[in-house]
Peer 1: 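My questions all concern the structure below.
A quick note: this is a predicted structure, and the numbers were derived from the prediction, not measured. In this chain, numbering begins with 1 at the start of the sequence shown. Counting starts at 1 for both ligands and their atoms, following the listed order.
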Amino acid sequence: MGSLEEKETPKVHVVVVSCHAQGHINPLLQFAKHLAHVGLQVTLPVISSSSDHHYRHLPRSLTVDHVPLLPYQGAETETETETETVLALWERRKASMGVYLKELMRCHEDGSKRISCVVYDSVISWVLDIVKGFGVMGAAFFTQSCAVNSIYYSVYKHWVSVPLDKGWICVDGFPLFEALDLPSFVADQGKYPGFLQHLADEQFQRLNEADWIFANTFDALEPQEVKWMESHFPFKNIGPMLPSMYLDGRIPNDKDYGVSLFESNTSSSMKWLDSKPENSVVYVSFGSAAELGKPQMEELAEGLKLSTKSFLWVVRESELHKLPHKFIDETAEKGLVVKWCPQLQVLSHKSVGCFVTHCGWNSTLEALSLGVGLVAMAQWSDQPTNAKYVEDVWKVGKRVRMEEDGVCKREMIEVCINEVMEGEDGEEIKRNLRKWREVAKAAMDEGGSSDMNFKDFVNQLLGRT
Ligand code: UDP
């Protein structure tokens, strides 16, 4: 998104608040960068120390592309136990973040850094109560697709009954969803107690009080879903929120998100990719949070062994113990296993020919925007719905079906990799990817749908409308 004319004028201060997860920080920080790029004061609180076994790595700098990070002590400084549920951890974080945020708002009630607006991650909607308590404007930011938001909203309104009684649900103009296409918290509530209530109820309960509602998607990607959602809320799409260099290129040097909660094996990954021929490598990653069962990990490992392709596989530290014994040594000729990598650089490397992914929403948008075909192995949360759209709607990849035991088998993994990289459907996938890449760029470029929505927001903040 481009700079507005009055770059030097405003003293508008926006605070952007994300929940502490890589897949949320990335798009929200990106949005913050866009605000800073047009001259607003923007700050983004981040937890500065973490004993969480998932997130030991800290932000590498205190300012990312003119967005100062405000480090604060999160709940992570307290000891946590292995058995603590995610929801319990969220509650602890809510408490520590709430205290911090109130203090921040109090300190900036007036003066040159008076806070005009807080953009908050929709999954921590309680932030809006604090913001409104200080008489400040609030903007909700949804980090998931419009289709997924619509499903949660339908559940919240009791327009669809879950568990499913007919085997599928139908929302006007949307593809038909079977249970396996739905967010796991909808399809299998028993397995994830409390999550549906959190995502369906809490995201929407207070939404009428928000002054703006943004979603990290773009109009042309989900036209029916956007229309449907807009008929219920004034939703505005502002995505895809990737570093500018990969799309419209208007924020100078904006090449990566800028905050990594994991330590990256950057040079070994890139050097290894440089040594491989064009379109020859399968990139495998399940994002920052998905945990594969041991049987699934073994099937995937065997599927990669069966494949004739080379692979770069991100296995986070906490997942490494599930790899088959000696797998890394036995596959050293054709594969590289790393604990984390610079995913955007990897996806845009010429040697990468396909992406085996859990279909996290950021990973999906990144693959679409960078033109890499997907092999979808959805695990939980919104991923099954994203996987359905990848295969059936946008037609940019293949979905590996789970067998009855809930595991994707090695043969199917290998077949899907081949189909995406060199099968008949692979040609169509490549054609579609070329199209989506252009459409994604156009949405973010000067005058594009997301750019216009962003500019409207900035103009309203500056009191120009
Ligand atoms: N990512 C990365 N390096 C990795 C794996 C993932 O930089 O080795 C980034 C990826 O580019 C994406 C984010 O982490 O922006 C993961 O978000 P996503 O929504 O795909 O999945 P989540 O982690 O939320 O499940």
Peer 1: Among Tyr257, Trp340, Trp361, which residue places a heavy atom closest to atom 9 (C) of ligand 1?
Peer 2: Trp340
Peer 1: Relative to atom 8 (O) of ligand 1, which among Pro243, Cys341, Ser269, Ala21 owns the nearest non-hydrogen atom?
Peer 2: Cys341
Peer 1: Name the option, out of Ser288, Ser264, Gly360, that contains the heavy atom nearest to atom 22 (P) of ligand 1.
Peer 2: Ser288
Peer 1: In terms of the angle between their ring planes, are Tyr389 and Trp394 parallel, tilted or perpendicular, with boundaries placed at 30° and 60°?
Peer 2: tilted
Peer 1: Which pairs, with at least one residue in residues 359-388 and sequence neighbours excluded, count as a salt bridge (Lys or Arg N to Asp or Glu O under 4.0 Å)?
Peer 2: Asp181-Lys388, Lys388-Asp392
Peer 1: Got a donor-acceptor contact below 3.5 angstrom from the Gln22 side chain to the Val259 backbone?
Peer 2: yes
Peer 1: Could you check whether Phe235 and Phe214 have their ring centres less than 6.0 Å apart?
Peer 2: no
Peer 1: For ligand 1, which part of Asn26 has a heavy atom less than 4.0 Å away: the side chain, the backbone, both, or neither?
Peer 2: side chain
Peer 1: Are the aromatic ring centres of His358 and Trp380 under 6.0 angstrom apart?
Peer 2: no
Peer 1: Considering non-hydrogen atoms of the protein only, which is the closest contact for atom 24 (O) of ligand 1, and what is the distance?
Peer 2: Gly23 CA, 3.5 Å
Peer 1: Mind checking whether Trp90 and His198 have parallel, tilted or perpendicular rings, split at 30° and 60°?
Peer 2: tilted
Peer 1: At a 4.0 Å threshold, what atoms of ligand 1 neighbour a non-hydrogen atom of Gly287?
Peer 2: 23 (O)
Peer 1: For the 3.5 Å polar cut-off, considering only N or O atoms, please tell me whether Gln22 and ligand 1 meet it.
Peer 2: no
Peer 1: Based purely on interatomic distance, does Ser285 place a nitrogen or oxygen under 3.5 Å from a nitrogen or oxygen of ligand 1?
Peer 2: no
Peer 1: Using the six-membered ring wherever Trp is involved, compare the ring planes of Tyr153 and His232 and label them parallel, tilted or perpendicular (cut-offs 30° and 60°).
Peer 2: tilted
Peer 1: Could you tell me whether Phe31 and Phe141 have their ring centroids closer than 6.0 angstrom?
Peer 2: yes
Peer 1: Who passes salt bridge (Lys or Arg N to Asp or Glu O under 4.0 Å) against Glu317, sequence neighbours left out?
Peer 2: Lys339
Peer 1: What protein heavy atom sits nearest atom 12 (C) of ligand 1, and how far off is it?
Peer 2: Glu366 OE2, 3.3 Å
Peer 1: Can you sort out which atoms of ligand 1 are near His358, meaning under 4.0 Å from one of its heavy atoms?
Peer 2: 20 (O), 21 (O), 22 (P), 25 (O)
Peer 1: What's the shortest distance from atom 19 (O) of ligand 1 to any protein heavy atom, and which residue and atom give it?
Peer 2: Asn362 ND2, 2.8 Å
Peer 1: Show me which atoms of ligand 1 lie under 4.0 Å from any heavy atom of Ser363.
Peer 2: 18 (P), 20 (O)
Peer 1: I'd like to know if Leu344 contacts ligand 1, where contact means a heavy-atom distance under 4.0 Å to any ligand atom.
Peer 2: no
